[in-house]
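Structure first, commentary second.
The chains referred to below are lettered A, B, ... by the order of the sequence lines, with proteins before strands, and numbering in each begins at 1. Remember, it's a predicted structure, so these values are computed and weren't measured experimentally. The figures here come from the full heavy-atom set of this structure, side chains too, leaving out hydrogens, waters and symmetry mates.
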Amino acid sequence: MNATPLPPRPASLDDPLYYLHNFRSALRWIEACYVDLFDDDERDFLTRFDTLPEPAQALWVRMVMRKGDTFRDDRLGYAEIGMPATAVAPLIERGWVQNDPPLSVSALWLLLTKAEIGRHLNGLLRDHGLTRGARKADMLEVLAEADLGEYPLTVWCPEIPFNVVRMTRMALCERLRLMFFGNLHQDWSEFVLADLGVRRFERVPLSPASRAFQRREDIHTYAHLHACRERLEAGESIADILHDVPPADDNPWLENRRGKLLFLLARAREREGELAAAEALYAQSVHPGARGRRLRMLERQACHAEALELANAAAAAPESESERQQLDRLLPRLHRRLALAPPSVTEEPVPARLEMTLPRTASVERAVVEHLSCESMPVYYVENALINALFGLLCWEAVFAPLAGAFFHPFQRAPADLLRPEFASRRETLFARCLARLEVPEGEHGYRAVIRRTYHAKHGLESAFVQWEALDESLLEMALACLPAAHLRLWFERLLRDVRANRAGMPDLIQFRPEQGDYRMIEVKGPGDRLQDNQRRWLAFCARHGMPLDVCHVTWAS
DNA sequence: ACCACACACGCAACC
DNA sequence: GGCCAAAATG
DNA sequence: GGTTGCGTGTGTCATTTTGGC
Ligand SMILES: [Mn+2]
Ligand SMILES: [Mn+2]
């Protein structure tokens, strides 16, 4: 057993084989993390990849990073690799690449240009009543109907002057990517992007023990759920997909992902008008909002008594404030339908209202900034960016603390459990220590100094809480001068109570009065716009704690 | 941080 | 040849 | 007139190359 490798870092772009070095360092890291979970196929691939000639390795990585699994060799010309036919030979010998694979018409249509189709498949077109003038996509539509089967390119068009190859280890490669990133939306281009400085990441200490998956079956469950989602997106029938949805999982992370899939399937049924089927699916989903949708399904099916029973149960233990708001609207409707006395509903505060008429511009928010901003009372268009960033800066170490399972690759802008309910509790003492600095206004351990220091030390590093483009130094200084520490504490504690729900909904604008040392927030509403649920929650919160917030209604000057 | 949120906008239904 | 979207590139 | 639900459009490195129309 070799020593544990260093966590992967992007290779220098000076080397034309930089992508191969990146891939190999990722493979070494995957191996260090997952030896005990590999199956034979993965073990075999990992050990034998290194024994391939370098051009074969490089070509493999080039193909992995390109779209699809099937390529024509005249489009695989890379200066640093040399002759594709030579480079691919060892891969074919191992069976990792198939030479001249059978191609469906649709695969064929992806590989050939329209001109080549006209030149080499004229007979096929004629047999199906098509002419060369037809659009490429229309031709394919007609031919796909005909169910022509799969043949190698050498059978479809023997005269064509190039060769086609197909990777046969795509599923394995996807699995390796999944193990490395813990998700399937990031890919190996992250390395280049990081190296180019397009994205820069905090360097959290990583150890092989902190890996994305702890159990073999979890990797498969993840991949399987993902495949179901792709089938849904591809338009496959819901019933067919449902047949393959796995049962409830004891891993809460995966059960959430399963809940999201069921939620999406339910919504698809809903849009098909199958409300009863949708309701049954929503009932199985643990996704936030599933119960709310289920209630709507019951209401729309006029099952008012049943809906009321479930709504009362929900009101007794709402999953979130957002559900509470939904119930406040639903319950009166149900009571009316059932001829019951109107239910008691939580009272919402009436926000301070501002009206103005402005010359028409592209952005209402910007128009209001122009109108209100002046030297002594500057206005900034910040939405969620300011308060989230102040939180992210004050609590940087807590957010990027290397807890078990939180960080496992070098391209994360947040810990893996950011949106899980236990995010704050797992870091309770860390966050308490960060927030305690709010009690210290001045000095090098005070919150202002810490935020300024972090701003400079971490500037440009990706964080889920900090959008650097939205936070220049003048805005930061205004905020530190005019926002009371007590308000910051209340905002940050609220954010920590439910990151997913509370990181959005903050007002468009903030105006500072440095001479008075105070501020106000302004939510702008153009003609036809209205407050969203999360904005109303923010508004209620501010009203409760005496934080100044106006809603500014704009009409256009004609 | 799971092609997604996080915004504004616009239509239709309802009282 | 111009316009556009998708794919490839570092 | 107001309210409410629900579907929609916009955006993600920047630049070059490719292919369809
Ligand atoms: Mn806004
Ligand atoms: Mn607004």
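Within the 4.0 angstrom heavy-atom criterion, only backbone atoms of the sugar-phosphate kind lie near A:E365; the bases stay farther away. Residue contacts shown for A:G505 are limited to sugar-phosphate atoms, with no base heavy atom under 4.0 Å away. Contact annotation for A:R267: no contact, since no heavy-atom pair falls under 4.0 Å across all strands. Within 4.0 Å of A:L193, counting heavy atoms only, lies at least one base atom of the nucleic acid. Heavy atoms of A:E116 sit nowhere under 4.0 angstrom from any nucleic acid atom.
The distance between atom OH of A:Y381 and atom P of B:dA8, rounded to the nearest whole Å, is 7 Å.
Annotation: A:Y222 is in aromatic contact with A:W253 [ring centroid separation under 6.0 Å].
To the nearest whole angstrom, the two C1' atoms, one in D:dT18 and one in C:dG1, are 15 Å apart. Spacing between B:dC7 and B:dA1 at atom P, rounded to whole Å, works out to 16 Å. Nucleotides D:dT15 and B:dC3 have their P atoms positioned 25 Å apart, rounded to a whole Å. When the P atom is compared between C:dA5 and D:dT12, the two are found 15 Å apart, to the nearest whole Å.
Judged by distance alone with a 3.5 Å cut-off, no donor-acceptor contact links the side chain of A:R333 to the base of D:dG5.
If A:Q535 and A:R336 are placed on DNA chain B by their nearest nucleotide, the residue sitting closer to the 5' end is A:Q535. Where A:A406 and A:P527 each meet DNA chain B at their nearest nucleotide, the meeting point lying more 5' is that of A:A406. Ranked by how close their nearest DNA chain C nucleotide is to the 5' end, A:L196 and A:K67 are led by A:K67.
A side-chain hydrogen bond (donor to acceptor under 3.5 Å, both in side chains) with A:E299 holds for exactly one of A:R337, A:R333, A:H304; it is A:R333.
Taking 90° from 0 as the syn/anti boundary, the base of B:dA4 is oriented syn. Using a 90° window around 0 for the glycosidic torsion, D:dT15 falls outside it and is classed as anti.
Nucleotide B:dA4 forms no Watson-Crick or G-U wobble pair with any nucleotide shown, as no partner meets the under 3.5 Å limit on both distances.
Candidate nucleotides C:dG10, B:dA4, B:dA1 were compared by shortest atom distance to the side chain of A:R413, and B:dA1 ranks first.
Using a distance-only test at 3.5 Å, with no hydrogens or angles considered, a donor-acceptor pair links the side chain of A:D508 to the main chain of A:V524.
Within 6.0 Å of the CZ atom in A:R9, the count of heavy atoms belonging to other residues, nucleotides or ligands exceeds 12.
Between A:R200 and A:D195, none of the side-chain N atoms (NZ, or NE/NH1/NH2) sits under 4.0 Å from a carboxylate O, so this pair counts as no salt bridge.
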